[in-house]
Amino acid sequence: MAFYSEKVMDHFANPRNIGEIKDADGIGEVGNPVCGDMMTFYIKVKDNKIEDVKFKTFGCGAAIAVSSMISEMALGKTVDKVLKITNNDVAKALGGLPPNKLHCSNLGADALHKAIQDYKNKKNNIF
Ligand code: FES
């Protein structure tokens with residue numbers, strides 16, 4: 001496990017914001033085509049800011065660490081700011097990921113951005 005940074009190990013062992021929001025304003029789910037793992041994000045938005053965020057990840061340790069880190073990065077930020085967080089930003093915030101685990105970081109931002117899009121569609125009544 002030496003190839004994982006301390007931050008990755010910390011977020012994997014003690015994931016933040018794990019769970020589900022029953023009355024979520026937006027839900028985003030993505031699957032990783034490389035390994036078949038799944039990640040779902042739930043958000044509550046107030047005054048255009050992420051008031052609450054939760055996730056469920058059926059995936060590897062890196063995917064869980066990525067979900068946990070991006071949930072912390074998003075909390076309290078405006079939805080437009082969160083849309084600018086890239087998969088690369090998350091990997092960087094985790095102190096890097098091993099090259100063969102970089103595909104795992106792709107789920108995080110994609111799933112969260114999808115949840116924001118879902119929120120925006122509902123707000124604008126686009127179904
Ligand atoms: Fe599937 Fe990491 S191996 S997300």
Side-chain angles (χ1 to χ4, degrees):
M1 285 297 211
F3 49 79
Y4 282 126
S5 72
E6 262 178 44
K7 273 195 185 154
V8 172
M9 291 309 292
D10 177 34
H11 279 266
F12 169 56
N14 310 292
R16 286 41 149 199
N17 304 308
I18 213 160
E20 190 177 333
I21 300 174
K22 291 280 177 225
D23 56 341
D25 294 323
I27 299 175
E29 185 174 66
V30 293
N32 191 330
V34 179
C35 61
D37 291 343
M38 297 289 296
M39 189 182 286
T40 310
F41 267 90
Y42 306 83
I43 54 168
K44 283 297 272 183
V45 181
K46 196 177 176 198
D47 299 332
N48 215 33
K49 287 186 180 155
I50 305 289
E51 187 191 36
D52 196 9
V53 52
K54 294 269 186 284
F55 71 87
K56 274 190 180 167
T57 294
F58 301 95
C60 68
I64 291 169
V66 161
S67 319
S68 171
M69 175 54 88
I70 198 170
S71 71
E72 278 207 322
M73 289 166 84
L75 211 52
K77 292 209 174 83
T78 63
V79 290
D80 291 327
K81 260 205 169 149
V82 175
L83 282 175
K84 292 199 179 104
I85 299 175
T86 64
N87 294 319
N88 201 23
D89 293 336
V90 183
K92 262 197 213 149
L94 282 168
L97 283 167
N100 65 338
K101 284 281 162 186
L102 271 177
H103 73 271
C104 312
S105 72
N106 293 343
L107 291 179
D110 291 355
L112 185 52
H113 292 173
K114 234 176 161 182
I116 291 175
Q117 202 49 55
D118 182 43
Y119 156 73
K120 286 191 170 191
N121 291 348
K122 280 178 182 152
K123 207 172 91 177
N124 298 323
N125 280 325
I126 305 167
F127 292 104

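Note that ligands are numbered from 1 as they come in the structure, with each ligand's atoms numbered from 1 the same way. Since the model is a prediction, treat every value here as computed from it, not as a measurement.
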Inspect the contact between Glu72 and Arg16 and indicate whether a charged nitrogen and a carboxylate oxygen are less than 4.0 angstrom apart.
-> yes

Numbered in order shown, the ligand 1 atoms found under 4.0 Å of a heavy atom of Asn32 are 4 (S)

Would you find a donor on one side and an acceptor on the other, under 3.5 Å apart, between the side chain of Lys49 and the backbone of Val45?
-> no

Within less than 2.8 Å of atom 1 (Fe) of ligand 1, any N, O or S from Cys35?
-> yes

Ala63: numbered ligand 1 atoms lying under 4.0 Å from its heavy atoms = 4 (S)

May I ask whether Met39 has any heavy atom positioned less than 4.0 angstrom from an atom of ligand 1?
-> no

Note, Ile18 side chain near Phe55 side chain (heavy atom, < 4.5 Å) = yes

Judged by atom type as modelled, is there a donor-acceptor pair below 3.5 Å linking the side chain of Asp37 to the main-chain atoms of Asn32?
-> no

Report yes if the side chains of Phe41 and Ile70 come closer than 4.5 Å at any heavy-atom pair, otherwise no.
-> yes

To 10°, measure the SG(Cys60)-atom 2 (Fe) of ligand 1-SG(Cys104) angle for me.
-> 100°

Identify the closest protein heavy atom to atom 4 (S) of ligand 1: which residue and atom is it, and at what distance?
-> Asp37 OD2, 3.3 Å

